[in-house]
Enquirer: 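Here you go, one structure.
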2 protein chains.
Amino acid sequence: MVESTRGRIQAVALELFTENGYEKTSLREIAERLGVTKAALYYHFKSKDEIVSSFSEDRLARLDEIIEWAESQPPGLERRQELLARYADEFFASNHPSVMRFFEQNQTVVKTMSAGMGMRDRMLRVASLMADDVDDPTEQLRAALALFAVHGSWFAIRQELPIEERKRVALDVAEDLWRPRISP
Amino acid sequence: MVESTRGRIQAVALELFTENGYEKTSLREIAERLGVTKAALYYHFKSKDEIVSSFSEDRLARLDEIIEWAESQPPGLERRQELLARYADEFFASNHPSVMRFFEQNQTVVKTMSAGMGMRDRMLRVASLMADDVDDPTEQLRAALALFAVHGSWFAIRQELPIEERKRVALDVAEDLWRPRISP
DNA sequence: ACCTGAACACCGTTCAAGT
DNA sequence: ACCTGAACACCGTTCAAGT
């Protein structure tokens, strides 16, 4: 099975960027791992940024699909649940939350890079949909927490746990955020 | 009121590091803002890292105080509430969540820098105390979410809101995480 | 089409030297 | 004690040149 140089660059870059950080990873490092020169990378990509954009594209597209679907549904508990479930599926897709974890790790980059801003826009849109587009501060924060439950289930649980279980825990905790409480 | 060069370096660095990212901010930039040369910074600090350590120290010390206090208390709802309240006070201290926001923004740096690892350790300890040192995955995630409610109240609420109100919303939402629910 | 070698301006860091 | 100027190796990026 032969993989294109372009594909191999993307894979190695994603791994190193996520593990050691975007800025701390040099193109020399990536090139060396692939047995080519730094300059070779510039044949396949216009810039270091563009490597990130390239492996972010399909994830962004998938998020767009999820958002479009949610917008076509009537607001309410059911939409919130299904939206979060789809988001979690996407987050844990391909057995490792690779691209999503890259953005989580490289918050700084999100601010300046175009792909980062694209991801940020989507996250805010999902959060807003989770809050049923309501402006109440409490509901906005609750929506953000529900989203964060998915991300947090990846690193906030200390013991080894299969992905399916992590997803289950995340969705359970998130669902609780909207369940009515016994008044004090 | 004359401020020491050392202090001015710290202030400018904190601002730029938080706003534009640690890696994207060059020492030349900092030096220029202060009207000195790059090399002058090395008279006051051993390295770029050390600037971060220097302005992190008192925050870390304050977190240690909070952690020590919590460890002296019996576990339970009351401890969790008071612990989070103190954490929120610390987070919003000095009118701008400056140092805490730096660490939030520079996740990548947290992994490699010593000050970052110090902050990470404290956060995990607080999260663990919030979960009453219980190992149940659901409780661990809930504890992380409660902590995140404080951080999230800073950026997840779209409208302008005074700090006191943000804190209130954060603590309310966090408290809800442990309130018993009406069974389905 | 795919890649190299050499050059560019810029980065963090060091150090001898100045006051 | 406090700071400068010049140098170091390394970075992302460009480009003419090779196959």
Side-chain angles (χ1 to χ4, degrees), chain A residues 1-56 102 105-117, chain B residues 1-56 102 105-117:
Chain A
M1 197 191 110
V2 213
E3 226 197 323
S4 65
T5 306
R6 196 185 141 89
R8 289 168 65 229
I9 294 171
Q10 287 174 320
V12 169
L14 176 54
E15 190 193 327
L16 294 178
F17 288 169
T18 305
E19 214 53 46
N20 311 327
Y22 174 78
E23 316 269 6
K24 281 233 150 147
T25 304
S26 69
L27 295 181
R28 182 188 47 72
E29 233 173 316
I30 296 170
E32 263 171 18
R33 269 257 263 249
L34 298 169
V36 294
T37 64
K38 260 200 310 180
L41 304 182
Y42 281 85
Y43 174 73
H44 297 281
F45 299 97
K46 274 206 284 282
S47 66
K48 197 180 177 186
D49 274 45
E50 230 231 355
I51 303 178
V52 174
S53 312
S54 75
F55 63 56
S56 304
F102 165 80
Q105 282 301 314
N106 293 273
Q107 300 265 24
T108 272
V109 157
V110 166
K111 276 198 162 176
T112 44
M113 262 169 26
S114 62
M117 284 167 53
Chain B
M1 197 193 108
V2 212
E3 225 197 323
S4 66
T5 306
R6 195 185 141 90
R8 288 168 64 229
I9 294 171
Q10 287 173 321
V12 169
L14 176 54
E15 190 194 327
L16 293 178
F17 288 169
T18 305
E19 214 54 44
N20 310 328
Y22 174 77
E23 316 269 6
K24 281 233 150 151
T25 305
S26 70
L27 295 181
R28 182 188 46 72
E29 230 173 317
I30 296 171
E32 262 171 18
R33 270 258 262 249
L34 297 168
V36 295
T37 64
K38 259 200 309 181
L41 305 181
Y42 281 85
Y43 174 74
H44 296 281
F45 300 98
K46 274 206 284 282
S47 67
K48 198 180 175 186
D49 273 46
E50 230 231 354
I51 303 178
V52 174
S53 312
S54 76
F55 63 55
S56 304
F102 164 81
Q105 282 302 316
N106 293 273
Q107 300 265 23
T108 271
V109 157
V110 166
K111 276 199 161 176
T112 44
M113 264 169 26
S114 61
M117 285 169 52

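The figures here come from the full heavy-atom set of this structure, side chains too, leaving out hydrogens, waters and symmetry mates. Letters go in sequence order (proteins before strands), and every chain restarts at 1.
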Enquirer: Atom CZ of A:Arg6 to atom C1' of C:dC3: distance rounded to whole Å?
Expert: 16 Å
Enquirer: In whole angstroms, how far is the C1' atom of D:dA9 from the CD atom of A:Glu29?
Expert: 15 Å
Enquirer: Roughly how many Å is it from CD in A:Glu32 to P in C:dT4, rounded to a whole number?
Expert: 12 Å
Enquirer: Go through C:dT14, D:dC3, C:dC3 for me and flag the one nearest to the A:Thr5 side chain.
Expert: C:dC3
Enquirer: Between C1' on C:dA7 and NZ on A:Lys38, what's the gap in Å once rounded to a whole number?
Expert: 11 Å
Enquirer: Rounded off to whole Å, could you give me the CG-to-C1' distance for the B:Asp49 and C:dC11 pair?
Expert: 15 Å
Enquirer: Return the orientation label for the A:Phe17 and A:Phe102 ring planes: parallel under 30°, perpendicular over 60°, tilted otherwise.
Expert: tilted
Enquirer: Taking only side-chain N and O atoms of B:His44, does any of them lie within less than 4.0 angstrom of OP1 or OP2 on D:dA1?
Expert: no
Enquirer: Any side-chain N or O of B:Thr37 under 4.0 Å from OP1/OP2 of D:dC3?
Expert: no
Enquirer: Which listed nucleotide (C:dC11, D:dC11, C:dT4) is nearest to the side chain of B:Ser26?
Expert: C:dC11
Enquirer: Of all the nucleotides listed (D:dT4, D:dG12, C:dG12), which has the minimum atom distance to the side chain of B:Leu27?
Expert: C:dG12
Enquirer: Among D:dG12, C:dA6, C:dC15, which nucleotide has an atom closest to any side-chain atom of B:Ala39?
Expert: C:dC15
Enquirer: Kindly indicate whether the side chain of B:Thr108, heavy atoms from C-beta on, has any atom under 4.5 Å from the side chain of A:Thr108.
Expert: no
Enquirer: Does B:Arg28 have a side-chain nitrogen or oxygen under 4.0 Å from the phosphate oxygens OP1 or OP2 of C:dC11?
Expert: yes
Enquirer: Just by distance, do the side chain of B:Lys48 and the backbone of B:Tyr22 share a donor-acceptor pair under 3.5 Å?
Expert: yes
Enquirer: If pairing requires Watson-Crick or G-U wobble contacts with both distances under 3.5 Å, which nucleotide is the partner of D:dC15?
Expert: C:dG5
Enquirer: Give the rounded distance in Å between these two atoms: NZ of A:Lys46 and P of D:dT14.
Expert: 11 Å
Enquirer: Would you say B:Tyr42 places a side-chain N or O within less than 4.0 Å of OP1 or OP2 belonging to C:dT13?
Expert: yes
Enquirer: Looking at A:Tyr43, I'd like to know whether one of its side-chain N or O atoms comes within less than 4.0 Å of OP1 or OP2 on C:dC2.
Expert: yes
Enquirer: In whole angstrom, give the distance that lies between atom CD of B:Glu50 and atom C1' of C:dT13.
Expert: 13 Å
Enquirer: Name the closest nucleotide to the A:Lys48 side chain, picking from D:dC11, C:dG5, D:dG12.
Expert: D:dG12
Enquirer: Say whether, by atom type as modelled, one donor and one acceptor occur between the side chain of B:Glu50 and the main chain of B:Lys46 under 3.5 angstrom.
Expert: yes
Enquirer: Calculate the interatomic distance between B:Arg8 atom CZ and D:dC3 atom P; express it in whole Å.
Expert: 9 Å
Enquirer: Regarding A:Glu29 and A:Arg33, does a basic nitrogen lie under 4.0 Å from an acidic carboxylate oxygen?
Expert: no
